[in-house]
There are 2 protein chains.
Amino acid sequence: MVDILRRLRQSGIQPTAQRLAVARFVLDTTSHPTAEEVWQRVRRGSPTLSRATVYNTLNLLVEKGLLKAQVVREGAVVFDAHVARHHHFVDEETGEIQDVPWDAVKVVGEWSPRGYEVQDYQVVMRGRRRAR
Amino acid sequence: MVDILRRLRQSGIQPTAQRLAVARFVLDTTSHPTAEEVWQRVRRGSPTLSRATVYNTLNLLVEKGLLKAQVVREGAVVFDAHVARHHHFVDEETGEIQDVPWDAVKVVGEWSPRGYEVQDYQVVMRGRRRAR
DNA sequence: GTTCGTGCAAACGGTTTGCAACAAT
DNA sequence: ATTGTTGCAAACCGTTTGCACGAAC
């Protein structure tokens, strides 16, 4: 586990106990949790933690670039500590999300609607657990 | 405009006045509307149309394969009558969504997490209106 | 002592649900 | 008569906001 405290400080985030607890979990998981899931998890160790603080902290981490919000699942935004470019695979049955390495697939062909510029792109794959 | 009535019948959907009104709009636009936007628009011609009926109808159209729900915008699902495979471009400022032809870019490399199979994929591009 | 962060509850926006009235078969 | 559809309101869920209390500078 990386030194979370240092990372917060380096990003100009006042490391309160709550922020540290949230960050320690969310910056160190690959599970793409929703805000609710972060709350449920971190609450176990910090029982007074409020939902509002979780949302505040997650939004702050996104704003500071330590976290990325991904809109790939219906109903809720998920948070991804993997900030470098990569693709995603979404299990349609469970909603589970997995990272797909950037080099696993290659997108060939520059393309953007006239008058627009593409700043970012990713491949979103959807599927299910293999029948066996 | 295609014969919407025929398409509903062919899909086994009882063509009520409300469903026809909703379908005529949503199956004939490329604007990727949200349910709310569909309601606002269709309501102009069918003032008694309820939100619930709009949601019912949209979900039914999705279920029957005439429409696809896309999860690319934060906060709301958008509906896409373009049912064939294609990619999407999302304007980060306005939320506006545009279709990107399937052939405009090429995704090279089969890839799926171990134990999973990819059933569908698309490239999601995000950007803004070009400066100047 | 002013600024910043937290917790709570209320508010909000998108979507679903329960239900009574009503059509259609 | 039964089955399916509509409209309304309430419920629900994810997220934001208002505000009073408390902590940190």
Side-chain angles (χ1 to χ4, degrees), chain A residues 4-5 8-9 11-26 32-64 66-80 95 97, chain B residues 5 8-9 11-26 32-64 66-80 94-95 97:
Chain A
I4 302 290
L5 206 160
L8 296 189
R9 286 227 178 86
S11 303
I13 298 176
Q14 272 210 33
T16 67
Q18 292 88 335
R19 286 172 175 173
L20 252 175
V22 169
R24 272 203 234 276
F25 170 62
V26 79
H32 303 83
T34 63
E36 178 74 15
E37 285 160 359
V38 172
W39 186 53
Q40 293 298 349
R41 186 54 154 64
V42 180
R43 214 149 76 97
R44 302 215 285 258
S46 316
T48 76
L49 181 67
S50 72
R51 242 188 279 251
T53 295
V54 170
Y55 277 99
N56 285 340
T57 303
L58 292 174
N59 290 339
L60 185 60
L61 292 174
V62 168
E63 196 181 305
K64 297 298 189 181
L66 299 185
L67 205 55
K68 207 159 184 256
Q70 291 286 351
V71 186
V72 287
R73 211 172 114 174
E74 198 172 333
V77 169
V78 304
F79 295 91
D80 192 347
I97 295 161
Chain B
L5 207 159
L8 295 189
R9 287 227 177 86
S11 303
I13 298 176
Q14 273 209 34
T16 67
Q18 292 87 335
R19 286 172 176 174
L20 252 175
V22 169
R24 273 204 234 276
F25 170 62
V26 78
H32 302 84
T34 64
E36 178 75 15
E37 285 160 0
V38 172
W39 186 53
Q40 293 298 349
R41 186 55 154 64
V42 180
R43 213 149 75 97
R44 303 216 285 256
S46 315
T48 76
L49 181 68
S50 72
R51 242 189 279 252
T53 296
V54 169
Y55 277 99
N56 285 341
T57 302
L58 292 174
N59 290 339
L60 184 60
L61 292 173
V62 168
E63 195 181 306
K64 297 298 189 180
L66 299 184
L67 205 55
K68 212 167 179 248
Q70 292 287 350
V71 187
V72 286
R73 211 171 114 174
E74 198 173 333
V77 169
V78 304
F79 295 91
D80 193 345
T94 64
I97 295 160

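Because the structure is a prediction, the values reported are computed rather than measured. A, B, ... follow the sequence lines: proteins, then strands. Residue 1 opens every chain.
Contact check, B/Q18 against D/dT6: a side-chain N or O comes under 4.0 Å of OP1 or OP2. Residue A/N59 has a polar side-chain atom (N or O) positioned under 4.0 Å from OP1 or OP2 of D/dT16. Phosphate contact (OP1/OP2 of D/dG4, side-chain N/O of B/T16, threshold under 4.0 Å): absent. Phosphate proximity of D/dT15 to A/Y55: present, with a side-chain N or O under 4.0 Å from OP1 or OP2.
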Using atom types as modelled, flag every donor-acceptor pair under 3.5 Å from a side chain in residues 32-43 of chain A to any protein atom, sequence neighbours excluded.
unit_1	atom_1	unit_2	atom_2	d
A/H32	ND1	A/T30	O	3.0
A/H32	ND1	A/I97	O	3.2
A/H32	NE2	A/D80	OD2	3.2
A/H32	NE2	A/H88	NE2	3.4
A/H32	NE2	A/D99	OD1	2.7
A/T34	OG1	A/E37	N	3.1
A/E36	OE1	A/R51	NH1	2.6
A/E36	OE2	A/Q40	NE2	3.0
A/E36	OE2	A/R51	NH1	3.3
A/E37	OE1	A/T34	N	2.9
A/W39	NE1	A/L49	O	2.9

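The distance from atom CD of B/E63 to atom P of D/dT5 is 11 Å, rounded to the nearest whole Å. Rounded to whole angstrom, the span from the CD atom of A/E74 across to the P atom of D/dC12 amounts to 19 Å.
In summary, contact between chain A and DNA chain C, defined as any nucleotide atom under 4.0 Å from a heavy atom of the protein, begins and ends at C/dG5 to C/dC8 in the 5' to 3' direction.
Across all strands, A/A76 comes closer than 4.0 Å only to sugar-phosphate atoms, never to a base (heavy-atom distances). Contact annotation for A/T34: no contact, since no heavy-atom pair falls under 4.0 Å across all strands. Using a 4.0 Å heavy-atom criterion, one finds that B/E36 contacts no nucleic acid atom at all.
Of the residues near DNA chain C, B/A52 and A/S50, the one whose nearest nucleotide (by heavy atom distance) lies more toward the 5' end is A/S50.
With hydrogens and angles ignored, the 3.5 Å screen pairs a side-chain donor or acceptor of A/R19 with a backbone N or O of A/Q14.
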